[in-house]
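Before any comments, here is the structure.
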Amino acid sequence: QCEEAAYEERRYPAGKWACVTKGEPMYEQSISMSFMKLMRYICKENSVGCYLGMTVPVLNEIHLTKEGTELEREVVTAYYLPGEFQQNPPVPMDPEIHITERAPLRVISRVFYGMTTEETILREISLFWELLGPTDTVLRETYIVAAYENPSIPQRRNEIWFICRA
């Protein structure tokens, strides 16, 4: 009998991402508004005026408050530019979208399903810490929520990423 691994370690290469930072009262508002901006960029509102192609996962970088009991308001939502646009990314028409070169990333990831709210994310972070036990190999204040499917899918696949220290 095969059991799904509790978590896995992965490495991602450096690359260019289109990013939007929002600090709405609720996490869901921030990611929804940011994703809509990114979709307009992906679909046509860019300097080449064409559909760029969707990549997954879409990343939401979050930070915990000093007490670690809630999320900071600011969330960075990031879309990885497809390979053909990595060297010369189309310029976004929206001034809130920034193209950033992100460094290589090593993460420990764990899958979870369903909606991503502040409550579910905090629960997933807590469960993941229980699973890992005491360690100082990962960051404690910054996490990434990776979304693989459309937010309207009720049992969509997500991952929580713990970022490994360099």
From CA spacing to verdict: side-chain contact (heavy atoms from CB on, under 4.5 Å), Thr142, Glu61: CA-CA 7 Å; Thr142 304; Glu61 185 178 303; 3.8 Å; yes

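- Looking only at side-chain heavy atoms (C-beta outward), Thr21 and Glu74 come within less than 4.5 Å of each other.
- One finds the CZ atom of Arg156 at 8.0 Å from the CG atom of Asn150 (value rounded to the nearest 0.5 Å).
- At a threshold of 4.5 Å between non-hydrogen side-chain atoms, the residues Val138 and Trp129 count as touching.
- Residues Glu118 and Arg123 are not paired through a salt bridge, judged by the lack of any N-O separation under 4.0 Å between the basic side chain and the carboxylate.
- Taking CG of Leu71 as the reference point, atom OH of Tyr27 lies at 7.5 Å (rounded to 0.5 Å).
- Closest approach of Val20 to Lys37, counting heavy atoms only: CG1-CD, 4.1 Å.
- Contact annotation: the side chain of Ile144 approaches that of Ile163 to within less than 4.5 Å [non-hydrogen atoms, C-beta and beyond].
- Distance alone, capped at 3.5 Å, places no donor-acceptor pair between the Arg10 side chain and the Arg106 backbone.
- For Arg11, the CZ atom is loosely surrounded, since the number of other residues' heavy atoms within 6.0 Å does not exceed 12.
- Taking 4.5 Å as the limit, some side-chain heavy atom of Leu81 sits within range of a side-chain heavy atom of Pro89.
- Nearest heavy atom pair, residue Pro25 against residue Gln29, reads CD-OE1, 3.4 Å.
- Comment: Arg110 does not engage Glu8 in a salt bridge, judged by the lack of any side-chain N to carboxylate O separation of less than 4.0 angstrom.
- No side-chain heavy atom of Glu141 sits under 4.5 Å from any side-chain heavy atom of His63.
- Using a 4.0 Å cut-off between charged side-chain N and carboxylate O, Glu149 and Arg157 make no salt bridge.
- Linking ILVMFWY side-chain heavy atoms closer than 4.5 Å, directly or via other members, places Ile160 and Leu59 in two distinct hydrophobic clusters.
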Side chain to side chain donor-acceptor pair (under 3.5 Å) evaluation trace for Thr116 with Asn158: CA-CA 8 Å; Thr116 54; Asn158 307 289; 5.1 Å; no

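- One N or O on the side chain of Tyr51 and one on the backbone of Met54 form a donor-acceptor pair closer than 3.5 Å.
- Taken to the nearest 0.5 Å, the CZ atom of Phe85 stands 5.0 Å off from the CG atom of Leu52.
- At a threshold of 4.5 Å between side-chain heavy atoms, the hydrophobic network of Ile, Leu, Val, Met, Phe, Trp and Tyr places Trp17 and Val56 in one connected group.
- Annotation: side chain of Cys19 is not in contact with side chain of Ile97 (no heavy-atom distance under 4.5 Å).
- Annotation: side chain of Pro104 is not in contact with side chain of Pro13 (no heavy-atom distance under 4.5 Å).
- The closest donor-acceptor contact from the side chain of Thr77 to the backbone of Ser34 lies at 3.5 Å or more, if one exists at all.
- Within a 6.0 Å sphere centred on CE of Met93, heavy atoms belonging to other residues, nucleotides or ligands number more than 12.
- Between atom CG of residue Leu122 and atom OG1 of residue Thr69 there is a gap of 8.0 Å, rounded to the nearest 0.5 Å.
- Residues Arg73 and Glu24 are not paired through a salt bridge, judged by the lack of any N-O separation under 4.0 Å between the basic side chain and the carboxylate.
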Residues Val145, Phe112; criterion side-chain contact (heavy atoms from CB on, under 4.5 Å); working and verdict: CA-CA 10 Å; Val145 178; Phe112 69 100; 4.3 Å; yes

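- Taking hydrophobic clusters as Ile, Leu, Val, Met, Phe, Trp and Tyr residues chained together by side-chain heavy-atom distances below 4.5 Å, Ile62 shares a cluster with Tyr7.
- Atom CG of residue Asn60 and atom CD of residue Glu28 lie 11.0 Å apart, to the nearest 0.5 angstrom.
- Annotation: Glu101, atom CD; neighbour count of heavy atoms from other residues, nucleotides and ligands within 6.0 Å is above 12.
- When all heavy atoms of Pro82 and Gly53 are compared, the closest pair comes out as CG-O, 3.6 Å.
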Audit row: Lys66, Glu72, salt bridge (Lys or Arg N to Asp or Glu O under 4.0 Å) steps and yes/no: CA-CA 9 Å; Lys66 292 278 180 265; Glu72 293 279 354; 5.9 Å; no

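- At most 12 heavy atoms of other shown residues, nucleotides or ligands fall within 6.0 angstrom of atom CG in Asn88.
- Side-chain atoms of Ile125 and Leu64, non-hydrogen and from C-beta on, do get closer than 4.5 Å to each other.
- Under 3.5 Å, the side chains of Tyr148 and Glu159 contain a donor-acceptor pair of N or O atoms.
- Minimum interatomic distance between Gln87 and Lys16 (heavy atoms only, all atoms of both residues): O-NZ, 4.3 Å.
- Using a distance-only test at 3.5 Å, with no hydrogens or angles considered, no donor-acceptor pair links the side chain of Thr100 to the main chain of Arg102.
- A continuous path of ILVMFWY side-chain contacts below 4.5 Å connects Val48 to Ile99, so both sit in one hydrophobic cluster.
- Taking hydrophobic clusters as Ile, Leu, Val, Met, Phe, Trp and Tyr residues chained together by side-chain heavy-atom distances below 4.5 Å, Val76 does not share a cluster with Ile121.
- Taking the six-membered ring for Trp and thresholds of 30 and 60 degrees, Tyr79 and Tyr41 have ring planes more than 60 degrees apart, a perpendicular arrangement.
- The six-membered or imidazole ring of Phe128 lies away from that of Trp161, with a centre-to-centre distance of 6.0 Å or more.
- Rounded to the nearest 0.5 angstrom, Ile31 CD1 and Met26 CE are separated by 10.0 Å.
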